[in-house]
Peer 1: 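Once you've had a glance at the structure underneath, I'll fire off some questions.
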Amino acid sequence: MEQRETRRQGTGRRATGPTAADGPGDGGPGADGALPPFAERVLDLAERIPPGTVMTYGDVAEFLEQGGPRQVGRVMALYGGAVPWWRVVRADGAFLPGHERRALARYREEGTPLRTSRTGAPQRVDMARARWDGA
């Protein structure tokens with residue numbers, strides 16, 4: 001699995017994340033080398049979500065008091081590969097289409113509460129138990 005190292009502008013930190021083939025976004029800055037301020041705030045918050053918990057796209061926007069779920073989703077799609085992208089989810093807790101296996105592996109590794117189907121197969125994140133309020 002190819003890893004790509006990027007330096008997020010403004011943070012002074014290095015983040016190693018998956019490429020676009022491995023997770024949402026490529027984790028890299030825009031063509032000019034800088035991330036938009038809103039994107040930086042979204043990614044910083046995604047990095048603060050504790051293992052085993054999640055926030056929805058709407059939760060992130062509400063916490064930041066800026067943008068909305070679609071804007072947060074766009075940031076995650078473009079730049080989210082360098083942060084724990086699996087911790088920012090849809091409101092229903094459904095796994096990110098196209099990234100289900102990778103997300104499920106991370107959820108299991110972190111002990112994220114999951115809801116299962118009648119057959120016992122993991123279906124989605126258990127939002128009632130896994131949701132983090134940012135406190």
Side-chain angles (χ1 to χ4, degrees):
M1 179 183 321
E2 179 183 343
Q3 292 288 309
R4 186 169 144 160
E5 186 175 282
T6 61
R7 183 172 189 275
R8 294 210 347 245
Q9 295 293 325
T11 62
R13 292 174 284 165
R14 289 204 176 273
T16 302
T19 64
D22 191 49
D26 67 2
D32 65 355
L35 292 177
F38 178 68
E40 187 68 41
R41 293 182 71 210
V42 168
L43 298 177
D44 285 344
L45 181 56
E47 288 179 325
R48 290 180 32 212
I49 300 171
T53 64
V54 298
M55 289 182 93
T56 69
Y57 297 108
D59 291 341
V60 171
E62 185 177 333
F63 184 87
L64 297 176
E65 298 179 345
Q66 186 179 3
R70 289 178 188 252
Q71 290 80 18
V72 172
R74 180 77 174 147
V75 168
M76 294 303 294
L78 291 174
Y79 309 112
V83 299
W85 53 267
W86 59 93
R87 295 182 193 152
V88 182
V89 300
R90 293 175 22 174
D92 64 1
F95 301 149
L96 183 64
H99 303 283
E100 296 92 339
R101 282 192 196 150
R102 287 181 294 276
L104 182 57
R106 298 291 188 151
Y107 296 142
R108 285 180 169 155
E109 181 181 302
E110 295 182 356
T112 306
L114 301 173
R115 294 189 60 137
T116 58
S117 68
R118 291 181 184 173
T119 64
Q123 270 189 316
R124 61 187 68 238
V125 173
D126 184 337
M127 295 304 294
R129 294 175 36 219
R131 196 176 219 155
W132 185 60
D133 64 5

Peer 1: Counting only heavy atoms from other residues, nucleotides and ligands, does the tally under 6.0 Å from CZ of Arg124 exceed 12?
Peer 2: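 Yes, because the 6.0 Å sphere around CZ of Arg124 holds more than 12 heavy atoms from other groups.
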Peer 1: So which atom in Val88 and which in Ala46 form the shortest heavy-atom distance, rounded to 0.1 Å?
Peer 2: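 In terms of heavy atoms, the two residues are closest at CG2-CB, 4.0 Å.
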Peer 1: Ignoring hydrogens, what is the shortest heavy-atom contact between His99 and Trp85? Give both atom names and the distance.
Peer 2: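 Minimum heavy-atom contact is CB-CH2, 3.8 Å.
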Peer 1: Would you say that Val125 contacts Arg131 through its side chain, given a criterion of any heavy-atom pair below 4.5 Å between the two side chains?
Peer 2: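 No, side chains not in contact.
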Peer 1: Restricting to non-hydrogen atoms, name the atom on Pro69 and the atom on Tyr57 that form the minimum distance, rounded to 0.1 Å.
Peer 2: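 Looking at all heavy atoms of both residues, the shortest contact is O-CB, 3.6 Å.
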Peer 1: Between Met76 and Val83, does the side chain to side chain contact (heavy atoms under 4.5 Å, CB included) criterion hold? Intermediate values first, please.
Peer 2: CA-CA 9 Å; Met76 294 303 294; Val83 299; 4.0 Å; yes
Peer 1: Could you state the interatomic distance from CZ (Arg87) to CZ (Arg48), rounded to the nearest 0.5 Å?
Peer 2: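 Rounded to the nearest 0.5 Å, the CZ-CZ separation comes out at 13.0 Å.
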Peer 1: In Å and rounded to the nearest 0.5 Å, what is the CG to CE distance from Leu114 to Met127?
Peer 2: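 Leu114 CG to Met127 CE: 11.5 Å, rounded to 0.5 Å.
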Peer 1: Determine whether Ile49 and Val54 make a side-chain contact, defined as any pair of heavy atoms from C-beta on separated by less than 4.5 Å.
Peer 2: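 No, too far: nothing below the 4.5 Å cut-off.
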Peer 1: To the closest 0.5 Å, what do you measure between CG (Leu104) and CG (Leu96)?
Peer 2: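 Answer for the CG-CG pair, Leu104 versus Leu96, is 13.0 Å.
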Peer 1: On a heavy-atom basis, which atom in Glu110 and which in Trp86 lie closest, and how many Å separate them?
Peer 2: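 Here Glu110 and Trp86 meet closest at OE2-NE1, 3.1 Å.
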Peer 1: Report yes if the side chains of Pro84 and Glu47 come closer than 4.5 Å at any heavy-atom pair, otherwise no.
Peer 2: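 Yes, their side chains come closer than 4.5 Å.
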Peer 1: Just so I know, are the side chains of Val72 and Phe38 near enough to count as touching, which here means a heavy-atom distance under 4.5 Å?
Peer 2: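 A side-chain contact under 4.5 Å exists here.
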Peer 1: Any side-chain heavy atom of Leu45 sitting closer than 4.5 Å to one from Met55?
Peer 2: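 Yes, at least one pair of side-chain atoms sits under 4.5 Å.
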Peer 1: Find the distance between CD (Gln123) and CZ (Phe95) and round it off to the nearest 0.5 Å.
Peer 2: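 Rounded to the nearest 0.5 Å, the CD-CZ separation comes to 8.5 Å.
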Peer 1: Quick check against the 3.5 Å criterion: does Arg102 have a side-chain atom that pairs as donor or acceptor with the backbone of Gly98?
Peer 2: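 At least one qualifying donor-acceptor pair exists.
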Peer 1: Which heavy atom of Pro113 sits nearest a heavy atom of Gly52, and at what distance?
Peer 2: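 Residues Pro113 and Gly52, closest heavy atoms: CD-O, 3.5 Å.
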Peer 1: Ignoring hydrogens, what is the shortest heavy-atom contact between Leu64 and Arg41? Give both atom names and the distance.
Peer 2: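 Scanning both residues, the minimum pair turns out to be O-NH2, 3.2 Å.
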